[in-house]
Amino acid sequence: MSKKAEVCTASGLPLTERMSTAFPCPSCGEGIGRSARCRNQGVPYICPGCGFKGP
Amino acid sequence: MEGESVPLMPYEEYQSNKVHIGTQTKSQDMQQFIHEVAADGTGLHLIDIEQTDERLQLAANFLGMYEARDILVVSARQYGQRPARLFAQAVGARHIVGRFIPGTLTNPLLRTYIEPQIIFVTDPQADNQALSEAIGSKMPVIGICDTNNNLRNVDLCIPANNKGRRSLALIYWLLAREVLKARGFMDDETWQHTQNIEDWESSF
């Protein structure tokens, strides 16, 4: 598992809000961050390591 | 990601368990996972089984990155309760089936308070109480999403029929096998012989 993400992978916002999250990429383990707004709106993220597109 | 991968189970098996059957309504979020509309005139949207299989592998890989005790499996749906409980017992995870007591993930004064690291929901819509508490606790969320669900607050979606008895049994059965395989505790043959999918189906 690589380093935990500190910013949102989709928007670049820092993960300081209560409803944000950081987790390893399900495909390669690279750190992925999601801000509260991106999670709430279901904004797609792309893993910087392997290109996996979620959610 | 790229390249041909061997499916976890023959696609015919998925189809016979109706994993690909969606609903008559579809959401914009789930459009990417929908293969076609059923030609039999029912208007049901059919899910792309290849993507379901791929996502199941990813979900098993993802769950394998966490300690078993840090995983929480939730199912408010009747048909998901037995498979969710058996899955949790097989991999050593925690489970909450039936009514989710509000505050379980957020109120430390509650007797039932727990602090998992990741949550797996059977239906993001039916398990909305667990989902809203999980996102408030900064937990990643894995969800089985049908064609009518949206991807709000879901971090990894498994596109599949989350309403069918046999469909949920197959999904949890496969997922348990793959998580145990990823940990090196199980192989396909032993799992096939010791666990019967029909035993994982809810009955009432």
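Residue numbers begin at 1 in each chain, while the letters A, B, ... track the order of the sequences.
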Within 6.0 Å of CZ in Arg37(A), more than 12 heavy atoms from elsewhere | no
Proximity breakdown for Cys38(A) and chain B, heavy-atom pairs closer than 4.5 Å = neither
Of all the residues in residues 15-30 of chain B, which have a heavy atom that comes within less than 4.5 Å of a heavy atom in chain A?
-> none
Nearest heavy-atom approach of Arg18(A) to Lys138(B) is O-CG, 3.1 Å
Nearest 0.5 Å, what's the CZ-CD distance between Phe23(A) and Gln117(B)?
-> 14.0 Å
Interface residue of largest heavy-atom contact number with chain A, from Ile135(B), Leu156(B), Ile142(B), Asp155(B), under 4.5 Å = Asp155(B)
Heavy-atom neighbours of Phe185(B) CZ exceed 12 at 6.0 Å | no
Could you tell me whether the side chain of Pro26(A) reaches within less than 4.5 Å of the side chain of Asn61(B), counting heavy atoms only?
-> no
Within 6.0 Å of CD in Glu189(B), more than 12 heavy atoms from elsewhere = no
Within 6.0 angstrom of Leu13(A) CG, more than 12 heavy atoms from elsewhere | yes
His35(B), NE2 atom: more than 12 neighbouring heavy atoms under 6.0 Å = no
Between Val154(B) and Arg39(A), does a side-chain contact (heavy atoms from CB on, under 4.5 Å) hold up when you go through it step by step?
-> CA-CA 7 Å; Val154(B) 175; Arg39(A) 285 184 100 186; over 6 Å; no
Does Asn153(B) offer a backbone N or O that forms a donor-acceptor pair with the side chain of Arg34(A) under 3.5 Å?
-> no
Measuring heavy-atom distances to chain B, does Ile32(A) have an atom under 4.5 Å in its side chain, in its backbone, in both, or in neither?
-> neither
Kindly say whether Asn40(A) contributes a backbone atom to a donor-acceptor pair with the side chain of Arg152(B) at under 3.5 angstrom?
-> yes
Atom CD of Glu36(B) with >12 non-hydrogen neighbours under 6.0 angstrom | yes
Separation of Met139(B) CE from Met19(A) CE (nearest 0.5 Å) = 12.5 Å
Between CZ of Phe62(B) and SG of Cys25(A), what distance do you get to the nearest 0.5 Å?
-> 8.5 Å
